[in-house]
Amino acid sequence: MLDLKFIRENPDIVKAAIAKKKDFSDIDRLLSLDEKRRAIIAEVEVLKNERNMASEQVAKLKREKQDASELIEKTRTTGEKIKALDDNMRPLDEEINELMAKIPNVPHASVPHGNSAEDNVVVAEWGEERSFDFTPKDHLQLATALDIFDFPRGAKISGSGFPVLKGNGAQLDRALINFFLDSHTVKNGYREVFPPFLVNSTTAFGTGQLPKSKDQMYYMPEDDLYAIPTAEVPVTNLHRDETFAASDLPVKYCAYSACFRREAGTYGKDTKGFLRVHQFNKVELVKFADPDKSYEELETLRADAEGILKALGLKYRVLSLCDADLSFSAAKCYDLEIWAPGEKRWLEVSSCSNFEEFQSRRMNIRYRPEGGAKQRLVHTLNGSGLATARILVGILETYQNADGSITIPEVLRPYMQGKTEIR
RNA sequence: GGAGGAUUAGCCUAAUGGUAAGGCAGCGGUCUUGAAAACCGCCGGGCGCAAGCCCAUGCAGGUUCGAGCCCUGUGUCCUCCGCCA
């Protein structure tokens, strides 16, 4: 959520951001409602002051055992006027809140301009493309032959897009989760959290999934709970309605969770294998940062995610998303993409974003600066570190051998009882 | 699922229907070689240059001149019963 005052003072900046993100929020409508609302507030505050003073007089008269009935009668009409004005204001408040909740974040100045994902800028590339002396297969062919993924049975028990991992595939997935968590907790200084996978609507609102992306989450109406699309949602909400001391910052968490996504509207896209599924495993990194240092924190967050890819020896590149491709809540975002030699394409495996105050305003997460100054909103950041599904694709395709076996990357072997290959 | 109880600021705790008191923690200062103690100030939010005004006792309504307090609905937590890995 943006600051209404900021919108009032910078309507053109906000309108430009809305246009870029192909959003339809009506800022003129918002500002006209805001103006009406503020006029009513000015009026009603005078009346409330009148009423408060009169009530105090009544109290005084009663204490002195004097008659107050005349003043009470006079004040009755003031109360009625206040009620009428409050009633007028309620629909304004509601519509303002609704509009505010749907206005996207404004891109940071360092974000490249563009019109679509085509205009994202490659800011870094790492690793050599592996050369093959045979024709590399794609992950689905490899996994099917090794019997480590089972899509048909996943479809039988849940539906399409719910893969079953088996044998070495299940173990490899678990190895990745543990490797990610160990890397971030031991080397990178994140505190591990294991969050609930179902969250209430207030929580889903806090990180920005509600109201706009309601249809992308699985919802359990009996209990009014949502299945989390990412651990970002519960972990960022850990500190909702809390205030940090400045010396606490940055606060860094990593969390494993299963992630559930309806992927409504994407049918027909990436239908093959493990590329786009309704349930997958992910280790998420979340930071709460001093607003003056959040862009440095974004760089280290990105470096922490990149470190995993380097350790796994996967060729990757980093994109700085252009303003048109930025998500609803993000002010700036880097995507990490690995090269999949079987698919012969780049696969997004991580998004590292700075949300600035956009989420912390929704969640009321503050900190008190050094010297006891007034509380300020913190900046929140998060990034995948990483998702296992597409990493599995990258590993199978990159480390495949001519006979269809897979060499296990060295860093994962301790997590797989020292095995060196899957066959 | 049923029955009770609780809910006030970071924490703890007050307030015959009369306009949120106090303590702890924290921050700033005085004092000190340094620290502690002691003392002074600040310590929910918004608007305002300021004086000040408005809002705030889980949330939403209602009654009232006036609601932390009374009424209705609801959220959350705790305890007990039932069921259960």
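Here is the naming used below: chain letters follow the sequence lines, and residue numbers restart at 1 for every chain. Just so it is clear, the model here is predicted, and its values are computed rather than measured.
- In this structure, the side chain to side chain contact (heavy atoms under 4.5 Å, CB included) partners of A:Lys20, at least two apart in sequence or on a different chain, are A:Asn115, A:Asp323.
- Look at the P atom in both B:A9 and B:A21: the space between them is 14 Å, to the nearest Å.
- The separation of B:A14 from B:C59, taken at their C1' atoms, amounts to 24 Å, rounded to a whole angstrom.
- For the pair A:Lys83 NZ and B:A67 P, the interatomic distance rounds to 13 Å; values are reported in whole Å.
- Phosphate proximity of B:G61 to A:Arg90: present, with a side-chain N or O under 4.0 Å from OP1 or OP2.
- The separation between A:Asp241 atom CG and B:C59 atom P is 11 Å, rounded to whole Å.
- In terms of the side chain to side chain donor-acceptor pair (under 3.5 Å) criterion, residue partners of A:Tyr256 (sequence neighbours excluded) are, by chain and number, A:Asn281.
- When the shell of 6.0 Å around CD of A:Glu70 is examined, it contains 12 or fewer heavy atoms from other residues, nucleotides or ligands.
- In this view, A:His139 and A:Glu343, A:Glu397 satisfy the side chain to side chain donor-acceptor pair (under 3.5 Å) rule, not counting sequence neighbours.
- B:C70 and B:G22 have their P atoms separated by 24 Å, with the value rounded to a whole Å.
- If you take atom P in B:U7 and the same atom in B:G58, they sit 9 Å apart, rounded to whole Å.
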Indicate every side-chain donor-acceptor pair of residues 202-211 of chain A with a distance under 3.5 Å to a residue at least two apart or in another chain.
from: A:Thr203; atom 1: OG1; to: A:Asn200; atom 2: OD1; distance (Å): 2.9
from: A:Thr203; atom 1: OG1; to: A:Arg240; atom 2: NH1; distance (Å): 3.0
from: A:Thr207; atom 1: OG1; to: A:Gln209; atom 2: OE1; distance (Å): 2.6

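- Under the salt bridge (charged side-chain N to carboxylate O under 4.0 Å, His left out) criterion, A:Arg390 pairs with no residue, sequence neighbours left out.
- Qualifying side chain to side chain donor-acceptor pair (under 3.5 Å) partners for A:Glu348, counting only residues two or more places apart in sequence or in other chains: A:Ser351.
- Not counting sequence neighbours, the partners of A:Asp28 by the side chain to side chain donor-acceptor pair (under 3.5 Å) test are A:Lys15.
- The interatomic distance linking A:Leu225 (CG) with B:U76 (C1') rounds to 13 Å, in whole Å.
- Toward the 5' end of RNA chain B, the nearer of the two residues A:Glu56 and A:Lys5, judged by each one's closest nucleotide, is A:Glu56.
- Nucleotides B:C27 and B:C77 place their C1' atoms 32 Å apart, quoted to the nearest Å.
- Taking atom P in both B:G68 and B:C55, one finds a spacing of 11 Å when rounded to whole Å.
- As judged by a 4.0 angstrom heavy-atom cut-off over every strand, A:Lys60 is placed among residues making no nucleic acid contact.
- Protein atom CZ of A:Arg8 is 11 Å distant from nucleotide atom C1' of B:G46, rounded to whole Å.
- Counting only residues at least two apart or on different chains, the salt bridge (charged side-chain N to carboxylate O under 4.0 Å, His left out) pairs with a member in residues 92-114 of chain A are A:Arg29-A:Glu95, A:Arg37-A:Asp93.
- Nucleotides B:A15 and B:C81 are separated by 36 Å at their C1' atoms, to the nearest Å.
- When the shell of 6.0 Å around NZ of A:Lys310 is examined, it contains more than 12 heavy atoms from other residues, nucleotides or ligands.
- Taking a 6.0 Å sphere around CD of A:Glu299, one finds it holds more than 12 heavy atoms contributed by other residues, nucleotides or ligands.
- Atom CZ of A:Arg361 is separated from atom C1' of B:G46 by 14 Å (rounded to the nearest Å).
- Less than 4.0 Å separates RNA chain B from at least one heavy atom of each of the following residues of residues 67-80 of chain A: A:Ile72, A:Thr75, A:Arg76.
- In this structure, CD of A:Gln66 is placed 16 Å from C1' of B:C65, rounded to the nearest angstrom.
- Using a 4.0 Å cut-off on heavy atoms, the residues of residues 34-55 of chain A that approach RNA chain B are A:Glu45, A:Lys48, A:Asn49, A:Arg51, A:Asn52, A:Ser55, listed by number.
- A ring-ring contact (aromatic ring centres under 6.0 Å, His included) check over residues 39-70 of chain A, counting only residues at least two apart or in different chains, returns nothing.
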Q.
As a quick check of understanding, evaluate salt bridge (charged side-chain N to carboxylate O under 4.0 Å, His left out) for A:Glu297 and A:Lys293, giving each step before the final call.
A. CA-CA 6 Å; A:Glu297 294 295 340; A:Lys293 294 175 188 152; over 6 Å; no
Q: Both distances under 3.5 Å, Watson-Crick or G-U wobble: on that basis, could you give the dot-bracket string for RNA chain B, with [ ] for crossing pairs and | for other-strand partners?
A: (((((((..(((.....[...))).(((((.......))))).((((....))))..(((((..]....))))))))))))....
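- Whole-Å rounding puts the A:Leu61 CG to B:G18 P distance at 16 Å.
- Taking atom P in both B:U16 and B:C69, one finds a spacing of 13 Å when rounded to whole Å.
- Protein atom CD1 of A:Ile82 is 13 Å distant from nucleotide atom P of B:G62, rounded to whole Å.
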